[in-house]
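Counting convention: from 1, in listed order, for ligands and their atoms alike. We count residues from 1, following the sequence as given. Model, not experiment: these values are computed from the prediction.
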Amino acid sequence: MGNIKSGNLGYPRIGGQREWKKQIEAYWAGKITEQELHEGLAGIRLGNLRCQRDRGIDVIPVGDFTYYDHVLDTATMFGLVPERFAWNGDKVSLDLYYAIARGNDQAAASEMTKWFNTNYHYIVPELGTRDPRLTVNRPLMAYLEAKQELGIEGRPVLLGLFTLLKLSKGETAHEVDAWIEKLLPLYVQVLRELEAVGAAWVQLDEPALVIQLTDEDVRRLGHIYRTIAREVPGLRILMQTYFDAAERYEALVELPIHGLGLDFVHGRDGNLEALRRYGFPAGKTLGAGLIDGRNIWRADLDEGLSLLSEIRVLAGEPELIVQPSCSLLHVPVSAAGEERLAPVLREALAFAEQKLEELTSLCEAASGDGPEPARFAENRRALAALAADPARSRAAVREEAAQAAVAPAERASEFAERRRKQQAKWRLPFLPTTTIGSFPQTAEVRAARQKWRKGEWSPGQYEEFIRAEIRKWVEIQEELGLDVLVHGEFERTDMVEFFGEKLPGFAFTQGGWVQSYGTRCVKPPLIYGDVEFTGPMTVKETAYAQSLTAKPVKGMLTGPITILNWSFVRSDLSREQVAYQIALALRGEVEALEQAGIELIQVDEPALREGLPLKPKDWANYLSWAVKAFRVTTSSVRDTTQIHTHMCYCEFDDILDEIRALDADVISIETSRSHGELVHSFEQHTYPLGIGLGVYDIHSPRVPTEAEMAALIDRALQVLDPELFWINPDCGLKTRGQEETVAALRQMTAAAEQVRRKYGKGTKAGEGKE
Ligand code: GLN
Ligand code: ZN
């Protein structure tokens with residue numbers, strides 16, 4: 001029988017109290033020196049290693065720690081420094097490293113994008129004309145440090161060459177084979193140096209292997225891994241995949257590698273099927289990802305154990321490592337401090353620390369014939385209590401959500417008909433102007449909320465403050481001459497938290513932080529129970545705004561898919577069912593708004609695209625229920641009620657059909673940074689519903705001019721129907737200041753008026769008002 005070890009793939013960097021963030025930001029602010037930063041971060045790094053050792057993990061990863069992002073680490077280690085940054089070709093200094101991530105006076109930051117289908121964002125490596133070179137051997141340093149400081153024989157982690165190139169961009173990024181030839185010798189050098197100091201294994205992360213592999217890709221992988229095996233024969237390679245089932249398993253497993261890591265949580269069926277069909281080569285190690293590295297619930301260890309036995313049989317009793325499904329960087333550090341949660345919930349959580357214990361318990365149970373590890377009984381008890389929580393079995397909600405999956409969700413009339421009625425009712429001008437929802441959340445607004453939360457202000461006092469903000473901004477919007485107004489979202493911190501706090505089935509941790517990008521951390525809500533509408537959530541503020549003006553005020557909700565994708569979701573129900581529950585709850589809010597006389601309603605879905613599965617073949621299924629959920633929320637309204645939606649991205653082409661299928665009367669999308677590209681994509685297929693392409697970039701404090709916005713509008717109107725076109729900024733304005741916001745909106749309304757005049761449809765007196 002093969003031998004079993006417990007192993008980990010990566011640990012959260014941020015520290016139990018987010019001290020990582022605090023130290024790095026203190027360094028940026030000039031409050032601590034580089035030396036102090038190095039010392040501080042070494043403390044966190046070694047603490048993480050100790051924590052894994054003390055919990056009995058046999059195979060501890062080293063080199064997964066970072067000062068910002070592990071992809072940026074890999075790029076700078078190989079000298080992939082964008083040419084716009086001055087660099088003498090030596091070591092990449094800390095300040096240069098941070099400049100690539102954040103920009104500096106001389107050069108813009110590198111792009112940042114989502115790490116596969118997680119909410120972690122990495123810095124996109126840029127391949128230019130500079131030749132790569134090894135600037136530092138990070139895994140080697142990490143390996144030696146762990147050994148010297150703690151006597152830990154760690155397993156170095158490095159992003160694999162294949163995935164590194166898949167994630168890279170730049171002018172020469174298409175020259176993949178040439179880049180492999182340039183980088184492969186550097187990888188070999190890194191690995192040889194590890195071999196020389198006695199490292200036994202290295203973990204090469206290749207998550208790109210779960211997306212889609214062509215024959216060409218397989219050929220490249222063969223070349224890379226055969227070269228490594230030939231040049232570094234004394235080092236064992238674990239090729240690690242995660243986030244879904246490995247593609248072309250039969251080819252991967254035959255590569256000259258010593259171990260293959262598979263995700264049996266998120267790629268369970270595909271990976272089991274591959275084992276069943278092709279078996280597993282004798283003499284290789286199988287990394288079995290059994291504990292969910294993406295969610296925060298305790299594991300069902302009995303289920304884990306039986307899955308493990310199945311894997312052992314199918315794989316022919318190989319050497320095994322029981323490991324998480326992916327790096328634990330995607331879950332918070334420790335659930336130990338969550339004293340404010342109800343005991344049943346608190347007990348059901350497993351963050352990184354607790355997951356380490358689950359790994360060792362599972363490993364122990366699988367390897368020995370000793371007594372069952374205590375954690376089994378503990379997990380059983382906690383999960384049974386959670387399952388029995390009445391909040392998880394609201395029968396009516398379950399029933400309605402199940403119905404939603406099968407019943408149609410359609411507006412009463414087609415768009416053309418709705419549009420006629422809406423035009424008659426609203427009489428909006430040609431090229432109507434509006435904003436995306438939020439207005440500046442100034443220090444004053446945040447301070448007011450703090451006072452109320454701490455009890456220094458009564459709810460009445462806080463409410464009066466919010467009303468005063470709404471009044472101020474309704475006046476500003478009227479003075480600017482905007483056509484569709486908003487209340488400004490002053491009462492909201494976060495667009496998901498705000499709704500979660502008002503809906504049953506959600507809970508909030510105190511310390512459940514995970515890294516989103518760089519030092520930015522987010523604290524996703526937990527969706528643990530059935531979600532339902534229990535009363536209006538946004539009507540009061542919106543109706544108040546409407547009472548102050550004759551212009552229409554647009555209601556503002558976060559959509560079901562965005563709420564789902566930005567939360568930790570219960571794992572006993574399908575995501576689809578949870579989406580319908582949220583969608584139905586939000587439908588209650590849409591109907592409440594409509595009843596209160598708010599008849600333009602925007603349902604934001606900035607995270608719709610983020611939820612796309614990694615494998616293209618799985619897209620259609622996700623998109624079909626995501627679109628359905630949106631329609632469940634928005635389809636029960638009257639024809640005259642105008643549904644808006646907003647999305648924060650412009651990669652639109654590949655999901656255009658689904659976006660159309662949302663059947664929103666108006667969509668606003670973020671485009672000002674790549675306006676040309678998007679407009680170009682509408683040359684192929686125009687958009688048949690109302691649409692607003694953001695005409696200015698709210699991410700920048702620069703106030704755009706009337707002329708430049710008018711030019712963008714002109715350009716868009718060459719491919720989009722002017723009668724369906726709206727004028728708006730490209731996202732919410734909450735991060736901006738009041739002055740710049742007003743100035744920019746003034747230019748925007750002037751630009752709209754300029755273009756209207758061109759069409760003989762100016763709205764100002766004497767200029768052809770229709
Ligand atoms: N209505 C939200 C706002 O204006 C939309 C935010 C978003 O797109 N992320 O802030
Ligand atoms: Zn946006």
Output yes when the distance from some N or O of ligand 1 to some N or O of [X] is under 3.5 Å, and no in every other case.
X	result
Gln602	no
Ser438	yes
Leu733	no

Inset, instruction - List in chain and number order the residues that pass side chain to side chain contact (heavy atoms under 4.5 Å, CB included) with Gln422, two or more places apart in sequence or in another chain; answer none if no residue qualifies. - result: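 Partners of Gln422 under the side chain to side chain contact (heavy atoms under 4.5 Å, CB included) test: Arg411, Arg418, Trp426, Gln642, Asp665.
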Inset, instruction - Check the surroundings of atom CD in Glu444: do more than 12 heavy atoms from other residues, nucleotides or ligands lie under 6.0 Å from it? - result: no
Enumerate the atoms of ligand 1 whose separation from the nearest heavy atom of [X] is less than 4.0 angstrom.
X	value
Ile436	1 (N), 4 (O)
Gly732	3 (C), 4 (O), 10 (O)
Gly437	4 (O)
Cys731	7 (C), 8 (O)
Asp604	1 (N), 2 (C), 5 (C)
Cys648	7 (C), 8 (O), 9 (N)

Under 4.0 Å between a Lys/Arg side-chain N and an Asp/Glu carboxylate O for [X] and [Y]?
X	Y	value
Glu475	Arg471	no
Arg638	Glu599	yes
Arg609	Asp654	yes
Glu610	Lys114	yes
Asp639	Lys425	no

Legend entry - Between CZ on residue Arg570 and CG on residue Asp530, distance to nearest 0.5 Å: 4.5 Å
Inset, instruction - Measure Met647 to ligand 1 on non-hydrogen atoms and call it side chain, backbone, both or neither using the 4.0 Å cut-off. - result: neither
Legend entry - Aromatic ring pairing Trp28/Tyr68, orientation class (parallel under 30°, perpendicular over 60°, tilted between): tilted
Inset, instruction - Give me the ring orientation class for Phe116 and Phe243: parallel if the planes are under 30° apart, tilted from 30 to 60°, perpendicular past 60°. - result: tilted
Inset, instruction - Can you list, by chain and residue number, the protein N, O or S atoms under 2.8 Å from the Zn ion (ligand 2)? - result: His646 NE2, Cys648 SG, Cys731 SG
Inset, instruction - Would you mind checking which non-hydrogen protein atom is closest to atom 6 (C) of ligand 1, with the distance to 0.1 Å? - result: Met495 SD, 3.6 Å
Legend entry - Cation over ring face, Arg492 and Phe498, 6.0 Å, 45°: yes
